[in-house]
J.: 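First the structure, then my questions, so here it is.
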2 protein chains.
Amino acid sequence: MRIGELSERTGTPRRLLRYYEEQGLIAPDRLPNGYRDYDERLVDRVRQIRGLLDSGLPTRLIRLVLPCLDRPCTIHFPDPTPEMLATLEHELARMDDRISCLTRNRDAVADYLATVRAGAPAPVPAVPPPGDGTDPEAPVSTVSGARER
Amino acid sequence: MRIGELSERTGTPRRLLRYYEEQGLIAPDRLPNGYRDYDERLVDRVRQIRGLLDSGLPTRLIRLVLPCLDRPCTIHFPDPTPEMLATLEHELARMDDRISCLTRNRDAVADYLATVRAGAPAPVPAVPPPGDGTDPEAPVSTVSGARER
DNA sequence: ATTGACCTTCACATCAATGGCAGGGTCTGA
DNA sequence: TCAGACCCTGCCATTGATGTGAAGGTCAAT
């Protein structure tokens, strides 16, 4: 298929499809006239790329990770250098961090929504203690995440 | 504590601590001399912010979500407008998308690493079929994710 | 042969998250 | 009082992911 169809089927601007190609994430064939010719399975591939981008992975890492994701034949690219394996290992850990960070916060938001929907909608104290508007006690947050990128 | 200490304890450049403040994610007090004065619990808060940023949430959404995350008193900000609740609901769904996308891909990478480490490290065909270097059969990817931001 | 819908490349603009620096105040200790 | 370490407020640069438009080629249908 050509770029227009892929764009529609994935909801991705053509511009970005070309950009992903430029970044080495996809490599469409070319028709005799120079038009890009996208294989059917690139539909999923593009969705995958966008999901990962949306989850905070830069194209650089996606490029690294993609070769591991072609499911049926996992042995896909030939000689993973030790450095590459180490990097993958490392990125795997970071993905775990991301997942747990997101999960914790997702749960917190879900709890919040549940509470609001269920109970009386925010029992505002009828008579606020006069004087200061300061919040006396300190709620403690418990979520964290790593960095480095 | 002042900005330098917070910076060291969270591994965050001072520049960014000021940026997060500018974005409405944190609101430190000011000492009489104008120096920023950070509360102890902002340490966790900053780590949380960075985790979320690293997971792909823009500051705009973090700002939206943060008020729901102060655990002990979940009823924290008074009148969640219906629009705000709807937005939260929506973002909750997107967080779920992100989580499942990340999880699928994490698993795939983990599988890959396991396979490589376990079996013979990539049985490269001794005599590659002469002529083309083209990969005949097509592996199919199965992961996807949504978009919109 | 011309129109319109598609495609090409190239280039510049934008936005969010960051890095960096300049010019200047504050405080502590020698 | 001077140095050094810290803080302040701008402001401009960069990077990655995108938007957008110009100038032009291809192709199917009229």
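Naming: A, B, ... by sequence-line order, numbering from 1 per chain. The figures here come from the full heavy-atom set of this structure, side chains too, leaving out hydrogens, waters and symmetry mates.
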J.: Just checking Ile3(A): base, sugar-phosphate only, or nothing, at a heavy-atom cut-off of under 4.0 Å?
T.: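 It contacts sugar-phosphate atoms only.
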J.: Name the closest nucleotide to the Arg14(B) side chain, picking from dC8(D), dC7(D), dA17(C).
T.: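 Nearest listed nucleotide: dC7(D).
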J.: To the nearest Å, give me how far apart CD (Glu8(A)) and C1' (dC6(C)) are.
T.: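 These atoms are roughly 12 Å apart.
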J.: Under 3.5 Å between N/O atoms: give me all the protein pairs with nucleotides 26-30 of chain D, atom names plus distance.
T.:
| unit_1 | atom_1 | unit_2 | atom_2 | d |
| --- | --- | --- | --- | --- |
| dT26(D) | O4' | Tyr35(A) | OH | 3.3 |
| dT26(D) | O3' | Asn33(A) | ND2 | 3.4 |
| dT26(D) | O2 | Tyr35(A) | OH | 3.4 |
| dC27(D) | OP1 | Asn33(A) | ND2 | 3.1 |

J.: I'd like to know if the side chain of Arg14(B) reaches the main chain of Ser7(B), judged simply by a donor and an acceptor atom lying under 3.5 Å from each other, with no hydrogens or angles considered.
T.: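 No.
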J.: Should the pair Arg94(B)-Asp54(A) be classified as a salt bridge under the 4.0 Å nitrogen-to-oxygen rule?
T.: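 Yes, Arg94(B) and Asp54(A) are salt-bridged.
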J.: Check the distance between dA16(C)'s P and Leu61(B)'s CG and give it to me in whole angstrom.
T.: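 Rounding to the nearest Å, CG of Leu61(B) and P of dA16(C) are 12 Å apart.
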J.: Give a yes or no on whether the backbone of Tyr38(B) and the side-chain of Asp29(B) come within a donor-acceptor separation of less than 3.5 Å.
T.: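 Not at all, since once roles are kept as given, no pair shorter than 3.5 Å links the two residues.
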J.: Would you please name every residue forming a side chain to side chain donor-acceptor pair (under 3.5 Å) with Arg9(A), sequence neighbours left out?
T.: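 Expected list: Glu5(A), Glu40(A).
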J.: Would you indicate whether the side-chain heavy atoms of Ile49(B) and Leu66(B) approach each other to under 4.5 Å?
T.: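 Yes - at least one pair of side-chain heavy atoms lies under 4.5 Å apart.
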J.: Could you work out which one of dG19(C), dT9(D), dA17(D) sits closest to the side chain of Pro58(A)?
T.: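 Shortest atom-to-atom distance from the side chain points to dA17(D).
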J.: Check this for me: does any side-chain nitrogen of one of Arg30(B) and Glu21(B) sit under 4.0 Å from a carboxylate oxygen of the other?
T.: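 Yes, this pair counts.
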J.: Looking at dC8(D), dT8(C), dT18(C), which one has an atom nearest to any side-chain atom of Leu53(B)?
T.: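 Closest nucleotide to the Leu53(B) side chain: dT18(C).
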J.: Distance check: side-chain N/O of Arg30(B) vs OP1/OP2 of dT9(D), anything under 4.0 Å?
T.: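 Yes, because at least one side-chain N or O of Arg30(B) sits under 4.0 Å from OP1 or OP2 of dT9(D).
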J.: Listed by chain and number, what are the salt bridge (Lys or Arg N to Asp or Glu O under 4.0 Å) partners of Asp96(B), not counting sequence neighbours?
T.: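 Per chain and number, Asp96(B) pairs via salt bridge (Lys or Arg N to Asp or Glu O under 4.0 Å) with Arg106(A).
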J.: Any side-chain N or O of Thr59(A) less than 4.0 Å from the OP1 or OP2 oxygen of dA17(D)?
T.: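 Checking dA17(D) against Thr59(A), a side-chain N or O does come within under 4.0 Å of OP1 or OP2.
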J.: It should be established whether Arg36(B) places a side-chain nitrogen or oxygen under 4.0 Å from OP1 or OP2 of nucleotide dC7(D).
T.: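 The answer is no; no side-chain N or O of Arg36(B) sits under 4.0 Å from OP1 or OP2.
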J.: Is there a donor and acceptor pair, one atom on the side chain of Arg15(A) and one on the base of dT20(D), closer than 3.5 Å?
T.: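 Yes.
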J.: Taking the nucleotide of DNA chain D with the nearest heavy atom to each, does Glu5(B) or Ile62(A) sit closer to the 5' end?
T.: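 In this pair, the answer is Glu5(B).
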J.: Taking 4.0 Å as the cut-off, does a side-chain nitrogen or oxygen of Tyr19(A) come that near to OP1 or OP2 on dA17(D)?
T.: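 The answer is yes; a side-chain N or O of Tyr19(A) sits under 4.0 Å from OP1 or OP2.
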